[in-house]
Structures are given as structure tokens and as C-alpha cells.
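Just the heavy atoms: all of them, side chains too, but no hydrogens, waters or symmetry mates, feed the values below. Heads up: numbering here begins at 1 and tracks the sequence. Each ligand, and each atom within it, is numbered from 1 in the order the structure gives.
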Amino acid sequence: MARTVKCPSCGAELTVKDDNRDFMFCEFCGTKVRLDDYQETHRYVNEAEVQRVKAEKELELKRMEAYTKREEQAGKQFITLMSICLGVALFCVLISRFM
Ligand SMILES: [Zn+2]
């Protein structure tokens, strides 16, 4: 199957006649056009992988953040509960002293 490449210089659609060559010359402006788009494909795949890993890390970070927030909230609730208990206990002690 013949594939086409775009000339980076003049933008002409060039038909690749020999797929085994890694470059050809534009028949319109004579620019050397690289045909080994493997590198580009490879880079694209790597970028996708990087994006995936980044998204995963962000998700992990968000999960950890949510967890920390939950822990913080639980801690605050515990402190509030403890201070209420302490207040009630102190109140009871004071009441029993004056009775
Ligand atoms: Zn050209």
C-alpha cells in the first residue's frame, strides 16, 4: 500500500514509492523528507504513557489528599468529642464540689 507524506517545506503530498528508504526528496521543491516516522510514533506512544502515569500519580495524590482530609476531620471530631467529655466531667466535678 502506497502511503503519502507531507513535505515539511512546501506542504505537498508526496507518494512514498519505496517504503524501505528512510528519506526521499520532494519532487516539487527538492527538500529531503524523512520517512522514518517511527521516531514520531514512538514519541507519541511515550507521551501517552507519560500522560497516563501523570494522571495516575495525580489520582493517587488526590486519593491521598482525600484520605488525609478524612483523617484530619476524624481527628477534629475526636478532639471536639474529647473536649465536650472533659467539659462535662469538669462540670460534674465542680457541681459535686458545690453540692
Ligand atoms: Zn516540497
Practice prompt. Would you please name every residue forming a salt bridge (charged side-chain N to carboxylate O under 4.0 Å, His left out) with E60, sequence neighbours left out?
Written response: R63
Worksheet entry | Heavy-atom pair of closest approach, residues F25 and G30 | CD2-O, 3.6 Å
Discussion item. Quick check for you: to the nearest 0.5 Å, what is the distance between Q73 atom CD and T80 atom OG1?
Written reply: 10.5 Å
Fill in: E65/K62 ion pair, N-O < 4.0 Å
no
Worksheet entry | Positive for side chain to side chain contact (heavy atoms under 4.5 Å, CB included) with C92, one of V88, L90, I95 | V88
Worksheet entry | Within less than 2.8 Å of the Zn ion (ligand 1): protein N, O or S atom count | 4
Worksheet item: How close do V33 and P8 get, heavy atom to heavy atom, and via which atoms?
Response: CG2-CD, 3.7 Å
